[in-house]
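Chain identifiers are assigned alphabetically (A, B, ...) following the order of the sequence lines, protein sequences preceding nucleic acid strands; residue numbering begins at 1 within each chain.
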Number of protein chains: 2
Amino acid sequence: MTDGIVERSRPRDRILETARDMFHKHGIKGVGVDAITEAAGTNKMTLYRHFESKDELIVECLRANAAKAGAMWDAFDAEFPGDKLAQLHAWVRKAAAMLNADGRGCDMANAAAELTEPDHPARLVIKELKEAQRERLVTLCRDAGIGQAELLADTLSLLLEGARVSVQTVGSEGPSTQFVRMAEGLIASFRGAAAG
Amino acid sequence: MTDGIVERSRPRDRILETARDMFHKHGIKGVGVDAITEAAGTNKMTLYRHFESKDELIVECLRANAAKAGAMWDAFDAEFPGDKLAQLHAWVRKAAAMLNADGRGCDMANAAAELTEPDHPARLVIKELKEAQRERLVTLCRDAGIGQAELLADTLSLLLEGARVSVQTVGSEGPSTQFVRMAEGLIASFRGAAAG
DNA sequence: CTAGGGTGTTACCGGTCTGTAACTTCCAGA
DNA sequence: TCTGGAAGTTACAGACCGGTAACACCCTAG
């Protein structure tokens with residue numbers, strides 16, 4: 001009974017939240033709409049009144065995930081207003097904390113692995129949301145005064161993405177344990193280099 | 001008609017090869033055993049005479065993948081016998097080449113994303129095969145005379161793993177384009193540091 | 001030539017999947 | 001109190017899934 005989340009709220013919200021949780025835990029193709037609606041304390045007809053298909057529900061879940069990630073960034077800015085470097089270090093800490101939180105990787109990456117049809121509606125939003133996240137990290141690095149901001153941001157992105165899949169494949173005791181060390185080393189190294 | 005591979009060979013081999021190809025392209029849950037056997041030019045009964053279940057077929061495919069990867073390592077050793085550093089650079093080049101080969105990431109990582117049941121037979125072999133690959137890369141780094149061989153190997157692993165999912169999510173024009181640059185920079189940096 | 005094992009064929013089982021139809025119930029707002 | 005829309009219920013369609021049974025075939029080893 002781990003998939004609860006049946007607090008009283010509007011059915012659409014319950015369905016969205018439950019679907020996010022279950023997609024994350026069991027994968028997209030591993031969860032049927034019946035299971036979602038049951039866990040959300042409602043029924044299939046209500047789901048199809050709010051979402052025209054399972055695919056649209058998937059897309060909506062991905063967007064909701066991105067919104068939550070965006071809120072995380074805003075929290076960094078609120079916690080260290082103006083101090084971009086502190087925000088970057090906060091990003092590293094937060095990323096590492098989420099690594100050990102659960103053994104499931106990034107929902108977008110997992111969705112991309114599952115939804116292989118090249119024209120699946122989810123693929124477009126995955127790409128656009130990932131690009132937005134990259135842009136945000138690049139901007140943070142640049143505003144933190146780092147010279148090769150793009151390269152650092154991309155390296156950190158790949159490291160984190162890799163750490164997530166590593167946790168998923170070999171567990172949290174594998175290479176991902178070194179993520180903070182790698183990331184901090186990189187930031188220090190890039191800070192040491194000449195700024196543009 | 002992209003899923004062919006119906007050359008005349010023993011049915012078991014055809015099934016295994018076809019399944020590897022189709023799992024890679026369409027994901028595990030995206031391919032049914034009927035589709036595999038049809039593409040392999042045989043039928044479902046023959047499949048179940050050679051594999052006791054789809055899960056066992058999946059495991060066998062993963063092992064075959066690992067064997068192919070192992071052959072790649074042997075090729076490095078044959079091409080640059082004794083020169084471990086050259087083999088490491090060859091590894092980087094090969095990894096980068098495979099990145100742009102197709103937009104699908106690592107089969108093991110994809111399988112781990114799809115097969116969420118914690119006791120799925122595939123999860124065990126994924127972990128053991130990934131750990132073997134890590135061991136091999138660590139050994140190569142160590143034999144190349146790098147001091148912090150484990151840290152370099154783990155960093156390179158995460159970078160590659162991350163690059164693979166990046167290709168899968170935003171395409172080959174994203175952060176993964178910088179993979180070689182990142183990897184070579186890391187190797188140079190680790191070589192510059194003091195050796196144990 | 002014959003026997004037997006590997007293979008192919010067809011049909012089927014029970015279950016699950018997404019998605020829909022038709023109808024009832026409930027509840028809030030006028 | 002009445003009404004209209006949102007939500008719940010039941011049943012179903014049509015497809016696909018993994019897996020099995022029973023039987024016909026073919027080809028090679030003896």
Side-chain angles (χ1 to χ4, degrees), chain A residues 3-23 25-62 110-111 114-117 119-123, chain B residues 3-23 25-62 110-111 114-117 119-123:
Chain A
D3 302 320
I5 316 187
V6 197
E7 347 100 24
R8 281 299 116 181
S9 54
R10 283 144 79 205
R12 188 183 193 281
D13 298 336
R14 274 181 286 147
I15 290 171
L16 201 57
E17 201 63 19
T18 308
R20 281 209 319 131
D21 182 58
M22 295 181 74
F23 285 155
K25 285 182 188 159
H26 312 297
I28 290 176
K29 299 204 177 171
V31 178
V33 293
D34 274 316
I36 293 170
T37 54
E38 187 186 347
T42 176
N43 55 67
K44 200 161 40 168
M45 271 315 301
T46 300
L47 187 153
Y48 281 103
R49 286 189 190 107
H50 289 286
F51 306 92
E52 74 169 11
S53 66
K54 185 186 181 184
D55 282 347
E56 195 193 277
L57 173 62
I58 293 167
V59 167
E60 228 53 48
C61 285
L62 292 173
N110 289 344
E114 285 197 78
L115 310 173
T116 64
E117 311 101 68
D119 58 344
H120 193 288
R123 298 201 70 86
Chain B
D3 302 317
I5 317 187
V6 197
E7 347 102 24
R8 281 299 115 181
S9 55
R10 283 144 80 206
R12 188 182 194 279
D13 299 335
R14 275 181 285 147
I15 290 169
L16 200 57
E17 201 63 20
T18 308
R20 283 208 317 131
D21 183 58
M22 295 181 75
F23 286 156
K25 286 182 187 158
H26 312 298
I28 291 176
K29 300 203 178 172
V31 177
V33 290
D34 274 316
I36 293 171
T37 55
E38 186 185 350
T42 177
N43 53 66
K44 202 161 40 169
M45 271 314 302
T46 300
L47 188 153
Y48 281 103
R49 285 190 190 108
H50 290 286
F51 306 93
E52 75 171 8
S53 66
K54 184 185 181 184
D55 282 347
E56 195 194 277
L57 174 62
I58 293 167
V59 166
E60 229 52 48
C61 286
L62 293 174
N110 288 344
E114 284 196 79
L115 310 174
T116 64
E117 310 101 69
D119 58 344
H120 193 288
R123 299 201 68 84

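The CZ atom of F51(A) sits 15 Å away from the P atom of dT18(C) (whole-angstrom rounding). Atom CZ of R14(B) and atom P of dG6(C) are 15 Å apart (whole Å). When the P atom of dT16(C) is taken as reference, atom CD1 of I28(A) falls 21 Å away, rounded to whole Å. Look at NZ on K29(B): it is 14 Å from P on dC17(D), rounded to the nearest Å. For N43(B) and dC25(D), the CG to P distance is 15 Å, given to the nearest whole Å. dC17(D) atom P lies 12 Å from atom NE2 of H26(B), rounded to whole Å. In this structure, CZ of R10(B) is placed 18 Å from P of dC27(D), rounded to the nearest angstrom. For the pair L115(B) CG and dG18(D) P, the interatomic distance rounds to 12 Å; values are reported in whole Å.
Non-hydrogen atoms lying under 4.0 Å from DNA chain D are contributed by nothing in residues 53-62 of chain A.
Side-chain nitrogen and oxygen atoms of T46(B) include none within less than 4.0 Å of the OP1 or OP2 phosphate oxygen of dG6(C). The side chain of H50(A) contributes no N or O atom lying less than 4.0 Å from OP1 or OP2 of dA6(D).
No donor-acceptor distance shorter than 3.5 angstrom exists from the side chain of R20(B) to the backbone of C61(B), with no hydrogens or angles considered. Between the E114(A) side chain and the K29(A) main chain, a donor and an acceptor come within less than 3.5 Å of each other.
In this structure, the helix from dC1(C)-dG30(D) to dA30(C)-dT1(D) shows an angle of 10° between the axis at its start and the axis at its end, each fitted on 5 base pairs and rounded to 10°.
Closest of all the heavy-atom pairs between A40(B) and T18(B) is CB-OG1, 3.4 Å. Annotation for T37(B) and D34(B): closest pair OG1-O, 2.9 Å, computed over non-hydrogen atoms. Nearest heavy atom pair, residue T116(B) against residue G27(A), reads CG2-N, 3.9 Å.
Both G30(A) and M45(A) lie close to DNA chain C; mapped to their nearest nucleotides by heavy-atom distance, the more 5′-ward contact belongs to G30(A). Positionally, the nearest nucleotide of DNA chain C for T42(B) lies more toward the 5' end than for the other of T42(B) and D34(A). Mapping E52(B) and R49(B) onto DNA chain D by nearest heavy atom places E52(B) closer to the 5' end of the strand.
The nucleotide whose nearest atom lies closest to any side-chain atom of Y48(A) is, among dG19(C), dG18(D), dC23(D), dG19(C). You'll find that the side chain of K44(A) is closest to dG19(C), out of dG19(C), dG18(D), dA7(D).
V33(A) is not listed as a side-chain neighbour of F51(A), based on a closest heavy-atom distance of 4.5 Å or more. Looking only at side-chain heavy atoms (C-beta outward), E60(A) and R12(A) come within less than 4.5 Å of each other. A heavy-atom distance below 4.5 Å is not found between the side chains of L16(B) and D13(B). At a threshold of 4.5 Å between non-hydrogen side-chain atoms, the residues I58(B) and K54(B) count as touching.
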